[in-house]
Amino acid sequence: MSTIPNGQPGTAPTTQMSPTKDAMTNPDENDAMRSTHVEIDGVRLKLAKPYVDPGRWIGQAEILQQLLACWISLDEADLPLTPRLVGAPGVGKTQLAIAAAKAQGRPLYIYQCTADTRPEDLLVTPVLSQNGEIAYHASPLVTAMLCGGVCVLDEGNRMNEKSWASLAPLFDNRRYVESIVAGITIDAHSEFRAAVTMNQDESTFEIPDYIMSRLQPTLPVGFPNKQDEMAILQYHLPFAEAEMLAMTVEFLQRSHQLKLEFSPRDGINLLRYALKRISQNPDHPVSRDAAWQEALQSCLGDEAFDLEQLSQRKSRTLGGDAVPLGLADLFFDPDDPMHPDRDDDEEDEDFNV
């Protein structure tokens, strides 16, 4: 895995930040990155801990290079981009951002966005300490800003507009946030980078255009091909038998072809449950296939047994190319000769050809 150069660093932040005595004192090190607290304009902030992940990104090298390109600074006047990583749940959007941060050697911080996220949750949160005083905790986002790290705003389209509004100056050329709670302005370190992951489902907010224009470009994260999907499952489940892995990969690949959103994460959970059921009683005459079928039903539901029918139903629901259902469709299959809406002339024409 190659790493794209970061380019020349941007201008230094203007925030007056002083690491406390908890920080390392080596002048060649980034003190803020190694401290537990910093002080900004007289306000002491406790920093969040970076996220450490031993995993790696498998396959789809091009999308990783695209993300890394977004974080390049070509000149002191050039600012990094904050891309949107868009895709179905479970395809590895967060893992992609983790791999990019690891490739650049930057500390990583992840903030999980929710529908009830408040601006103070995103920035600085006041906490009552043991001695009765107010202590201020920097969020993972603010910690990444101060340390020159990477922050992943995970599932960003689950967050409301009020919270997004507090980040508007961060993701344009101003590069700062204002904490009303702490009464301070925090400038981003020149090495600060960010990305936002977004799921493609209906349980999300519509992000306003003025925010979307700041989160560019859009990088679609798709499903892996067969070889990559097998490698992903083998990486997470190295103890799984080849037959079980093959069954799961074939199921996932078929679902991808039908544009269903069963993801590698679904395959991993399905296979983990099947293997656990088999391990409960190795002497029981339950076949691998039966355990896999039970896991499929338990993890993904009865509808997963008929992917073609599920795909047709989804296409009708989304208003796809399928013909809209009529009353007769409730009682007859589309190819049934007794179907009152069946076009016999078209069939005869096709037969004559």
Side-chain angles (χ1 to χ4, degrees), residues 40 43-51 53 82-98 101 107-130 132-147 149-172 174-186 188 192-216 218-219 221 261 263 265-266 269:
I40 302 175
V43 177
R44 191 169 186 259
L45 299 179
K46 181 178 180 180
L47 300 179
K49 293 183 179 180
Y51 176 76
D53 182 84
T82 302
R84 303 194 303 269
L85 307 180
V86 180
V91 295
K93 300 181 296 295
T94 306
Q95 187 60 46
L96 172 63
I98 291 171
L108 174 69
Y109 301 86
I110 300 177
Y111 186 90
Q112 184 66 48
C113 302
T114 62
D116 57 355
T117 295
R118 304 167 299 172
E120 55 266 35
D121 299 327
L122 279 172
L123 305 178
V124 177
T125 303
V127 177
L128 190 63
S129 62
Q130 293 180 347
E133 297 180 351
I134 298 295
Y136 293 100
H137 289 208
S139 70
L141 172 64
V142 167
T143 303
M145 290 174 58
L146 295 171
C147 298
V150 171
C151 181
V152 178
L153 293 175
D154 204 14
E155 301 188 24
N157 51 346
R158 299 195 187 280
M159 196 162 62
N160 59 69
E161 181 179 355
K162 184 177 182 180
S163 295
W164 272 116
S166 67
L167 302 183
L170 175 62
F171 295 135
D172 59 25
R174 290 173 288 178
R175 300 269 289 177
Y176 71 80
V177 294
E178 291 182 298
S179 171
I180 304 301
V181 170
I184 56 176
T185 298
I186 305 169
F192 167 69
R193 302 292 187 268
V196 182
T197 70
M198 295 184 180
N199 285 333
Q200 295 174 321
D201 57 40
E202 298 177 355
S203 59
T204 57
F205 285 99
E206 183 175 351
I207 299 179
D209 290 341
Y210 75 93
I211 293 296
M212 293 291 278
S213 65
R214 288 166 164 82
L215 306 179
Q216 297 291 349
T218 300
L219 301 181
V221 183
E261 295 187 348
S263 67
R265 180 194 297 162
D266 293 323
N269 289 333

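Heads up: numbering here begins at 1 and tracks the sequence.
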## Note on the structure
Closest heavy-atom pair, R175 versus F192, reported as atoms and distance to 0.1 Å, is NH2-O, 3.3 Å
### Minimal non-hydrogen separation, T117 against Q112, with atom names
OG1-O, 4.4 Å
### Message
Run the side chain to side chain donor-acceptor pair (under 3.5 Å) test against D209 and tell me which residues pass, sequence neighbours left out.
### Response
none
### Query
For E120, which residues count as a salt bridge (Lys or Arg N to Asp or Glu O under 4.0 Å) partner, sequence neighbours excluded?
R118
### Task
Might you point out which heavy atoms bring L47 and A138 nearest each other, and give the distance in Å?
CD2-CB, 4.2 Å
#### Entry: pair M198-I207: side-chain heavy atoms closer than 4.5 Å
yes
#### Entry: Heavy-atom closest contact (V124 atom, S179 atom, distance)
CB-OG, 3.5 Å
### Message
Any heavy-atom pair between the side chains of D121 and T114 that's under 4.5 Å?
### Response
no
### Query
Can you find a heavy atom in the side chain of Y51 that is under 4.5 Å from one in the side chain of V150?
no
### Message
Is the shortest side-chain heavy-atom distance between Q95 and D53 below 4.5 Å?
### Response
yes
### Query
Would you call L141 and L170 a side-chain contact if the rule is heavy atoms closer than 4.5 Å?
yes
### Task
Mind checking side chain to side chain contact (heavy atoms under 4.5 Å, CB included) for K162 and listing every partner two or more places apart, or none if nothing turns up?
P119, N160
### Query
Is a side-chain donor or acceptor of D266 paired with a backbone partner of S263 at a separation under 3.5 angstrom?
yes
### Task
For D154, enumerate each residue passing the salt bridge (Lys or Arg N to Asp or Glu O under 4.0 Å) test, keeping only those at least two apart in sequence or located in another chain.
none
### Query
Is E161 close to Y210 at the side-chain level, that is, under 4.5 Å between some pair of heavy atoms?
yes
### Summary
What one should report as the nearest heavy-atom pair of R214 and A168 is NE-O, 2.9 Å
### Query
In Å, rounded to the nearest 0.5 Å, how long is the span from OH of Y111 to CG of L122?
5.0 Å
### Message
Pairing donors with acceptors under 3.5 angstrom, does anything connect the side chains of S163 and S166?
### Response
no
### Message
Working to the nearest 0.5 angstrom, can you tell me the gap between L45 CG and L146 CG?
### Response
7.0 Å
### Query
Just how far is it from atom OH of Y176 to atom CD1 of I184, taken to the nearest 0.5 Å?
13.5 Å
### Query
Taking C-beta and beyond as the side chain, do L123 and L167 meet within less than 4.5 Å on heavy atoms?
yes
### Task
Using side chain to side chain donor-acceptor pair (under 3.5 Å) as the criterion, list what pairs up with T125, not counting sequence neighbours.
none
### Query
Going by heavy atoms in the side chains, are L85 and V152 under 4.5 Å from each other?
no
### Query
What residues form a side chain to side chain donor-acceptor pair (under 3.5 Å) with R174, not counting sequence neighbours?
D172
#### Entry: Inter- and intrachain pairs under side chain to side chain donor-acceptor pair (under 3.5 Å), touching residues 132-144, at least two apart
none
### Query
Closest heavy-atom contact between N199 and N157?
O-ND2, 3.0 Å
#### Entry: Interatomic spacing from OG1 in T197 to CD in E155 - rounded to 0.5 Å
6.0 Å
### Query
How far does CE of M212 sit from CH2 of W164, to the nearest 0.5 angstrom?
9.0 Å
### Task
Tell me, please, which residues at least two apart from T82 pass side chain to side chain donor-acceptor pair (under 3.5 Å).
none
